[in-house]
Amino acid sequence: MAQLWGGRFTKETDQLVYNFNASITFDRKFYRQDMEGSMAHVKMLAAAGILTEEERDLILEGITGILRDVENGTLEISDKYEDIHSFVEATLIDRIGDAGKKLHTGRSRNDQVALDMKLYTRDELMEIKGQLESLIRTCHQLMKDHIHTAMPGFTHLQKAQPLTLAHHIGAYMEMFKRDHGRLKDVYERMNYCPLGSGALAGTTYPLDREMTSSLLGFYGPTLNSMDSVSDRDYVIELLSALSIIMMHLSRFCEEIIIWNSNEYGFIEIDDAYSTGSSIMPQKKNPDIAELVRGKTGRVYGALNSMLTTMKGLPLAYNKDMQEDKELTFDAYDTVKGCLALFNGMLSTISFKKDVMEQSAKKGFTNATDVADYLVNHGIPFRDAHSIVGRLVLYCIERQVSLDDLSLEEYRSICPVIDEDIYEAISIKTCIEKRNTIGAPGPDAIRKVIGINEEWLADLK
Ligand code: ARG
């Protein structure tokens, strides 16, 4: 057992208590952020005249050495320490002696862990934002490639109206752009530095919180020391944004699974992103899409867990807050894994354009366009709707589509119909006529692609 406290205790901690209380097995994950925070703290202590420059240099050199040795594998973060903070401090004292004992001057583990968690979360957020940008680029490319790839659009999973793959992918593009905006919002709100808040009530040392804050890339110091040590809103906000990303990925995966099914056959998932069956040799399964859909539950679980952990806590720090780490870290890793795999899978899918177009032609997807044709010939829409209903019934009884009817058959039900009906309801016309902004028509889609192009250019 290696603890930072013990002076006021007369008995050893029970081993089970020690194990239950320790966090080293999971907070080792932010060893780098812990040391970055300590280095900024020490620089500030020296600038404020609380440490000498020699002490500062000794400590900085010591921490740099520890960081280097951890990263090159020569120093193990051993479980015998209570947490990552104890590991760094004890190793430092071991290596540089008494100067190391001054590292924790004007600091508590409460503001230290608040900082570490924030630095780690900020790093993860930036990485996830970058991955999301790659996925958005993949969607952008697919939109450009498939402006004319026809497919059926569905409501209630029933064929509704024809549209294009560019339009379908464009829907996810909008979701992912909103997700990106949410990540940026979380960053803007969270980027204030809690270091210098002490245990809960600040410190009596003349700490320069502006300095540590700017050394660590924050907008400024947080404004209330009690809130600083007990705020995990930003974790909850990020988990919420990540849950929404997972919900979007999961919906997309569900569609990929449907498109990949034998019945639909719209796509072929690349061999590199598919798996086989141990018994059925013919199988090629969409396991990656299913796993991403499945892992969504873990991320929702982390969000629910954090909301529940925080809900009853009086100010300020309570040990319950140590529970912020394991599930949250798991959620960050899960989202990163899912984004990487999903992007790889999506960018290598081959789309079977013929099957998609044939499917778009079936299921009376142009029925609305027949009604629109009648409206253009002076029939009120409600009457047109009913006439086309009769035409569809007529087709169903004969197992044909609207395009297959002869002009005589059309006219027997509605005399205003002319030869130009065939062109008016062809799949090409159905798609190309829909050109209001947001619709699947090629002109509308090109406009949106242009807007997205600017959105992407603004990222740099
Ligand atoms: N391992 C602790 C945590 O993650 C560090 C803070 C400990 N502070 C305390 N007052 N016991 O929350």
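Order of appearance sets the numbers: ligands from 1, and atoms from 1 within every ligand. The figures that follow rest on heavy atoms only: side chains count, while hydrogens, waters and symmetry mates do not. We count residues from 1, following the sequence as given. The shown structure was predicted, so the numbers you read here are calculated from the model rather than taken from an experiment.
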Distance from [atom] to nearest protein heavy atom, with residue and atom:
atom: atom 8 (N) of ligand 1; value: N110 OD1, 2.9 Å
atom: atom 3 (C) of ligand 1; value: Y317 OH, 3.2 Å
atom: atom 1 (N) of ligand 1; value: Q322 OE1, 2.7 Å

Contact atoms of ligand 1, heavy-atom distance to S23 under 4.0 Å:
1 (N)

Between the side chains of [X] and [Y], is a donor N or O closer than 3.5 angstrom to an acceptor N or O?
X: S23; Y: D27; answer: yes
X: R209; Y: T222; answer: yes
X: Y31; Y: E71; answer: yes
X: H104; Y: R107; answer: yes

Are more than 12 heavy atoms from other residues, nucleotides or ligands located less than 6.0 Å from atom CD of E53?
no

Counting heavy atoms under 4.0 Å, the part of K325 that contacts ligand 1 is side chain

